Amino acid sequence: MKAKILIAVIFFSGMMSAQQTKTDSTKTKNIEEVKLSKKVFQKKSDRFVYDVASSPIAKGTNSFNLLQQTPMLSSTDGKTFKIMGKSNVVFYINGKKTLMDAEAITEMLKNTPSENIQKIEVVTVPGSEFQVEANEGVINIVMKKSKTNGYNGTLKMNNSQSYYNNPSSGIAVNIRQNKWSFNSNFNLGSYTEREKYTLTNGDSTFRNESYGTMDDPNKNYGGNINIDYEINKKQNLGFSYNMRYNKSFNSVLDMTNFENGQLANRTVNHEDAQTRNHNFNLNYEIKTDTLGSKLSSNISYLWFNRDKVSLGETFPFVITDKNKYSAFQQAVPQIINNYAANIDYIKKFKNESTFAIGTSYNFTNTDSDTRQDDFDGTSFINNTNLSNHFIYKENIIGAYVTYERKFSEKFSGKLGTRFEATISTGDVVGKPDIGFERDYNNLLPYATLNYAINENNNITYSFSSRVRRPGFGQLNPSRTYFTPTNYIQNNPFMQASRNYNQEINYMYKNAFYANLSFNFAENAYSQLPLQGTMINDATGEETKFLRYIRTNYGNNKQLGLTLGMNKSWFSDIWNTNYSANFEYATLSGGVTKDPTSQPIAGFTEILQPYTIDVKTLNTFFQANNNIRLSAKKDWYLGVNYWLMPSREMEIGKLHTQQSLDLNIKKILGNFTFLVEVNDILNSNIDDIRTLQPNGSYNSVRSFKYGRELNINVTYNFGNQKLKKAREVKSANDAIRSRT
């Protein structure tokens, strides 16, 4: 409570101070007008715009650190970003969606000098032209442009010390020569994650407890190549290739299990996994007039492959007929092939209005041949109930149209709609009763209205509807084990959910903002814990289990309010980015059966229903401070803190999380030295607890050793004002996020 009060005092006192400051002379007023003309942070039509080129923060750092200081954004793990009140983030560069997976995006951001960025746009309610799902928001990074011939690049070396030492490095190069542009980056690194688990579940008659650790070593290689050729002043041809390889061999999960307070057994899971991701895209673009109208087309191919093999063994401490050595071998390969194409036409008019129309097609084939063999006492025998060859095919035809117009200096609007037709089939070879066919259409309207009341006040209303489709891996009916009786169960019968988003935004003096949003998800899905009992019909022996199943459960309503401040003090010596998010959520529904359960001869399965009836107020507070320590602008201190008090979710109650991060930066010519200490309080811990009305309970506590020391050295070489190759939107962008 003290932390909440302190943050509120700092936040609102800063807001009041800014509004109550009085000027004493005409000279001071003129200076203030010059500062306001920069408009470092402002609201434009359907997006927030953070003008990095006018901000003193963007000196000698990288794009990732710059995004951490961007209003409306937060990162609680040092790897991914969220927009306040949004479920996920999709990255665009120069208006084109990136072709990289999450890890590759993080490496790209950490290897891109902040001096290369002109502005960062945060789109909280994306228009019909954006290929996004559900309640996703968009971060669009606009790079600086120059026609100068030459080259530049960045060389980065980083070492992180947490539980293990994790080194990484990367290089990025940009080359421009007349009509040819080329940019490429390559990153490599190794890291080993350690997590400490505490798992409990049971009811009034039974209690199961598991304690242990997971060590997951990883090696990463990734990069991309972009080539752009200017055929003439109106036409461009571009090619891009993106790849990512992850190798995680000898990952070990070691758990000690207790039943009703008695030491029962020890389970050890060994896992080897490899992930390969290759993406190719060919783009053609032609400008049709001098106003900026253009036609753009793309043809794309994506190949994704993940191979995972594991050995799970259970060692009893007291050997009985019921409690004896057991083991299983599991292979879960997945191959995804995606073929995509799209055409977009943007027509601009002299009255500053814009008309856009486009169409897209995606065909995806997912092949998952899961095999599980169980140890019968002498050898491994195939378990036909848990082995399956699942083939999923999906066709999505999309089309959109939008019209945007500036009616006056104060009033502008944008109207659009998107149509998506989805045809999908799922088949398990040899098991026709598990197959399905789906054919559904969605008309997804969009509208936004923006009114600039005066120079200091702006208000915007937006509405959007979207579809959220399950990830391909979530549809594969396979299991991931923590212990033999505690595991995740994927579900091929999950259906897409429909999402409706509304938002009202108010901004004052390009520094203070309030964002009121409402999101309604119909037929929402999540990962839910189902407890049950497997009974041996012949002996009456009972085995309790906990099954985390991904499934549709009901409806999700979220009413959110975000208050924020982005302001510089004392002649830009102290830069602040404070925000507070309040969310009232109503979650309702439940699960009474497992659609993936198959009858097993000689056994009866009894499943306890899982009920969701949540009404809760969730909060999040963030305070980022950047302080210039020297007049030469070569020493900087960063003090960042975020707090997320306990919150209720579908899966249960997530207990309080917080993190205090400090960093110091030294700029020495083309070198930047950055030392960071993350999660100083060692308090960023996942602790989720569930209690059902029938008395059954479940808890998962994961300690990730988040306290980390990072030492980063970056060297920028060449002409840093050089323009990168033209970034291109791939036709299969919407598919990549679901891999």
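As the structure is a prediction and not an experimental result, all values here were calculated from the model.
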- Message: Under the criterion side chain to side chain donor-acceptor pair (under 3.5 Å), I'd like the reasoning laid out for Y705 against E193: C-alpha separation, chi angles, the key distance, then a yes or no.
- Response: CA-CA 9 Å; Y705 298 90; E193 293 182 326; over 6 Å; no
- Could you verify whether a donor N or O on one side chain and an acceptor N or O on the other, from Y548 and N698, lie under 3.5 Å apart? yes
- With no hydrogens and no angle check, is any side-chain donor or acceptor of N140 less than 3.5 Å from a backbone partner on V138? no
- Query: Below 6.0 angstrom between ring centroids: does that apply to F64 and F81?
  - Reply: yes
- Message: Side chains of N456 and Y508 only: does a donor on one sit below 3.5 Å from an acceptor on the other?
- Response: no
- Item | Distance-only donor-acceptor check, side chains N684 and S659, under 3.5 Å | no
- Message: For the backbone of I680 and the side chain of R707, can you confirm whether one donor and one acceptor N or O come within less than 3.5 Å of each other?
- Response: yes
- Task: Give a yes or no answer on whether the side chain of R466 reaches the backbone of N135 with a donor-acceptor pair at less than 3.5 Å.
- Result: no
- Are the charged groups of D686 and K704 less than 4.0 angstrom apart, N to O? yes
- Query: Are the side chain of S248 and the backbone N or O of P217 linked by a donor-acceptor pair below 3.5 Å?
  - Reply: yes
- Query: Do R194 and D215 sit within salt-bridge range, that is, some charged N less than 4.0 Å from a carboxylate O?
  - Reply: yes
- Message: Main chain of I685, side chain of Q657: is a donor-acceptor contact present, judged purely on distance under 3.5 Å?
- Response: yes
- Query: So, N624 side chain and Q69 main chain: donor-acceptor pair closer than 3.5 Å or not?
  - Reply: no
- Message: Looking at Q658, is its backbone amide N or carbonyl O close enough to the side chain of S683 to form a donor-acceptor pair, meaning the two atoms are under 3.5 Å apart?
- Response: yes
- Query: Between N515 and N505, is any side-chain donor less than 3.5 angstrom from a side-chain acceptor?
  - Reply: yes
- Exam field: side chain S462 to backbone T448, donor-acceptor pair closer than 3.5 Å: no
- Query: Atom CG of L516 and atom CG of L563: how far apart are they, to the nearest 0.5 Å?
  - Reply: 10.0 Å
- Per side chain to side chain contact (heavy atoms under 4.5 Å, CB included), I667 is matched among Y636, F673, W635 by Y636
- Query: Do F671 and K666 touch side chain to side chain, with heavy atoms closer than 4.5 Å?
  - Reply: no
- Message: Just verifying a value: how many Å separate I573 CD1 and R628 CZ, rounded to the nearest 0.5 Å?
- Response: 5.0 Å
- Query: For the residue pair I664 and L629, what are the closest heavy atoms and their distance?
  - Reply: CD1-CD1, 4.4 Å
- Query: Strictly by modelled atom types, are N158 and S160 linked by a side-chain donor-acceptor pair under 3.5 Å?
  - Reply: yes
- Kindly state whether the ring of Y191 and the ring of Y164 have centres lying under 6.0 angstrom apart. no
- Tell me, with the steps shown, if N670 and N716 meet side chain to side chain donor-acceptor pair (under 3.5 Å). CA-CA 5 Å; N670 289 330; N716 297 325; over 6 Å; no
- Please test N218 against N246 for side chain to side chain contact (heavy atoms under 4.5 Å, CB included), starting from the C-alpha separation and ending with a verdict. CA-CA 7 Å; N218 289 264; N246 172 269; 3.2 Å; yes
- Message: Give me the atom names and distance for the closest heavy-atom approach of N159 to P167.
- Response: ND2-CB, 3.8 Å
- Item | Atom pair NZ/CD of K119 and Q42 - distance to nearest 0.5 Å | 8.0 Å
- Task: Specify the closest pair of heavy atoms between P529 and T690, including all atoms of both residues, with the distance to one decimal.
- Result: CG-OG1, 4.4 Å
- Query: Heavy-atom distance under 4.5 Å between the side chains of T672 and K665, does that happen here?
  - Reply: yes
- Query: Rounded to the nearest 0.5 Å, how far apart are CG of N618 and CZ of F582?
  - Reply: 12.0 Å
- Query: In Å and rounded to the nearest 0.5 Å, what is the NZ to CE distance from K196 to M214?
  - Reply: 14.0 Å
- Message: Give me the atom names and distance for the closest heavy-atom approach of F463 to Q502.
- Response: CD1-CG, 3.5 Å
- Message: Checking the side chain of N625 only, and the main-chain atoms of V639 only, is there a donor and an acceptor separated by less than 3.5 Å?
- Response: yes
- Item | Audit row: F620, E583, side chain to side chain contact (heavy atoms under 4.5 Å, CB included) steps and yes/no | CA-CA 9 Å; F620 179 83; E583 175 190 273; over 6 Å; no
- Should P71 and Y513 count as side-chain neighbours, where that means a heavy-atom distance under 4.5 Å? yes
- Query: Do T714 and N712 pass the side chain to side chain donor-acceptor pair (under 3.5 Å) test, and can you show the C-alpha distance, the side-chain angles, and the key distance before you say yes or no?
  - Reply: CA-CA 7 Å; T714 303; N712 186 83; 3.0 Å; yes
- Where is the tightest heavy-atom contact between W642 and S75, given as atom of each residue plus distance? NE1-O, 4.1 Å
- Message: Taking the side chain as everything from C-beta on, heavy atoms only, tell me whether M649 gets closer than 4.5 Å to I688.
- Response: yes
- Passes side chain to side chain contact (heavy atoms under 4.5 Å, CB included), M644 versus L654? Steps please. CA-CA 9 Å; M644 187 166 64; L654 174 63; 3.9 Å; yes
- Side chains of I120 and V142 in contact at under 4.5 Å (non-hydrogen atoms): no
- Task: Heavy atoms only: give me the nearest A524-N556 pair and the separation to one decimal.
- Result: CB-CB, 4.2 Å
- Out of curiosity, E121 CD to T70 OG1, how far, rounded to the nearest 0.5 Å? 12.0 Å
- Item | Intermediate values then yes/no, side chain to side chain contact (heavy atoms under 4.5 Å, CB included), M255 and L253 | CA-CA 7 Å; M255 305 293 293; L253 176 65; 3.8 Å; yes
- Message: Any donor-acceptor pair under 3.5 Å linking the side-chain atoms of N185 with those of N187?
- Response: yes
- Query: Would you say the side-chain atoms of S568 and N575 include a donor-acceptor pair closer than 3.5 Å?
  - Reply: yes
- Hey, are the side chains of V123 and Y92 touching, using non-hydrogen atoms and a 4.5 Å cut-off? no
- Message: Please verify the inter-ring angle class for W574 with W569; under 30° counts as parallel, over 60° as perpendicular, anything in between as tilted.
- Response: tilted
- side chain to side chain donor-acceptor pair (under 3.5 Å) assessment of N450 paired with T460: CA-CA 4 Å; N450 185 72; T460 305; 2.4 Å; yes
- Taking the side chain as every heavy atom from C-beta outward, state whether D661 and Q68 have any pair of such atoms under 4.5 Å apart. no
- Message: If you define the side chain from C-beta out and look only at heavy atoms, does anything of E136 sit under 4.5 Å from P126?
- Response: no
- Message: Is it the case that the side chain of N166 and the backbone of T192 share a donor-acceptor pair, with hydrogens and angles ignored and the cut-off at 3.5 Å?
- Response: yes
- Message: Is a donor from one side chain sitting under 3.5 angstrom from an acceptor on the other, for Q622 and S74?
- Response: no
